[in-house]
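What follows is a set of notes on a single structure, which appears directly below.
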Amino acid sequence: GENVEQHPSTLSVQEGDSAVIKCTYSDSASNYFPWYKQELGKRPQLIIDIRSNVGEKKDQRIAVTLNKTAKHFSLHITETQPEDSAVYFCAAKEVGGFQKLVFGTGTRLLVSP
Amino acid sequence: GAGVSQSPSNKVTEKGKDVELRCDPISGHTALYWYRQRLGQGLEFLIYFQGNSAPDKSGLPSDRFSAERTGESVSTLTIQRTQQEDSAVYLCASSLSALNTEAFFGQGTRLTVV
């Protein structure tokens, strides 16, 4: 089955800097890659997703890139703000029989003012 | 419409007791997932439903864990003979289909086994 690895586990940046979180996946047939943000004590919420027919997607300060050949995808946050501080999870959707959503282990992002 | 709803939001139980956790997905969502999140940890996959069928139960930690879904709607996760290591937040998510659509999470049930 699918296995998703995520790095780094923690990331500290200064306000205004950029942050990059990277994930790799094992199943070359996976074709859907969402990113979730989980604030302390709250439920995970989708912030951006990308499908395998697209190499990059942007939404304001957030962008995701996908390299299918290398089986990795990354989240880029520009001009970070303190309210970006949270845990970010990447995920990959299996295709075929099960199609379950497999998550990475999470990255704790801390943006200091 | 309403989002994914889970109940109870908090549950404290004694070791050895059985507990039932409930998930009400968004109406019309055919795919439903259960995850476990230990304190400060990631999202551990438990089980996935497509309609009322569970094609993948591979994440259930032991035979003390079981889940069912009825009417392509409500799902219950049952933990028998709870142990302290079962303490965690149990999150349910639903999506419109098993295809590439957004999964919406409930607020979770925080289970504490004492």
Side-chain angles (χ1 to χ4, degrees), chain A residues 1-10 21 23 25 27 29-54 57 59 64 66 73 86-110, chain B residues 2-7 9-10 21 23-26 29-51 53-60 67 69 75 88-110:
Chain A
E2 178 66 275
N3 182 52
V4 178
E5 294 190 355
Q6 183 171 349
H7 301 281
S9 55
T10 58
I21 302 170
C23 289
Y25 61 99
D27 186 349
S30 289
N31 60 4
Y32 176 62
F33 307 93
W35 285 86
Y36 283 80
K37 176 183 181 182
Q38 186 177 32
E39 296 177 345
L40 190 62
K42 297 190 176 180
R43 72 190 76 187
Q45 293 194 305
L46 182 76
I47 55 171
I48 195 167
D49 57 13
I50 191 167
R51 289 165 174 78
S52 59
N53 59 345
V54 175
K57 183 176 179 181
D59 183 3
V64 56
L66 171 64
F73 57 113
V87 178
Y88 292 80
F89 293 97
C90 63
K93 175 72 79 73
E94 292 185 341
V95 294
F98 292 163
Q99 299 193 2
K100 71 186 182 191
L101 193 58
V102 179
F103 283 85
T105 49
T107 296
R108 185 173 301 276
L109 174 65
L110 176 61
Chain B
V4 178
S5 179
Q6 291 185 246
S7 61
S9 53
N10 281 284
L21 312 180
C23 173
D24 284 271
I26 294 173
H29 280 197
T30 63
L32 186 147
Y33 305 84
W34 283 99
Y35 293 89
R36 179 168 70 179
Q37 187 173 35
R38 293 198 166 103
L39 186 63
Q41 302 297 310
L43 299 169
E44 178 186 0
F45 170 80
L46 297 179
I47 189 169
Y48 153 62
F49 287 92
Q50 178 55 40
S53 300
D56 190 349
K57 303 179 183 179
S58 64
L60 294 177
R69 188 180 185 194
S75 177
V89 174
Y90 289 82
L91 288 161
C92 172
S94 72
S95 64
L96 189 59
S97 74
L99 299 177
N100 303 333
T101 55
E102 177 179 357
F104 294 85
F105 280 86
Q107 82 281 11
T109 293
R110 181 176 300 278

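Order of the sequence lines sets the chain letters (A, B, ...), proteins ahead of strands, with each chain counted from 1.
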Report which part of A:Tyr36 has an atom under 4.5 Å of a heavy atom belonging to chain B: side chain, backbone, both, or neither. side chain
Engaged part of A:Pro34 at the chain B interface, taking heavy atoms whose separation is under 4.5 Å: neither
If you count heavy-atom pairs under 4.5 Å with chain B, which of A:Arg108, A:Gln38, A:Gln6 comes out on top? A:Gln38
Which residues share a side-chain hydrogen bond (donor to acceptor under 3.5 Å, both in side chains) with B:Gln6, sequence neighbours left out: none
Chain A contacts, top residue of B:Val89, B:Val4, B:Leu43, B:Ile47 (heavy-atom pairs, under 4.5 Å): B:Leu43
Is A:Lys42 close to B:Phe105 at the side-chain level, that is, under 4.5 Å between some pair of heavy atoms? no
Looking only at heavy atoms, what is the nearest atom pair of A:Lys93 and B:Tyr33, with distance? CE-OH, 3.5 Å
Once ring-ring contact (aromatic ring centres under 6.0 Å, His included) is applied, do any residues pair with B:Tyr90, and if so which ones, sequence neighbours excluded? none
Ranked by heavy-atom pairs below 4.5 Å to chain A, first place among B:Gly108, B:Gly42, B:Gly106 goes to B:Gly106
Check whether any side-chain heavy atom of B:Gln37 lies under 4.5 Å from a side-chain heavy atom of A:Phe89, and answer yes or no. yes
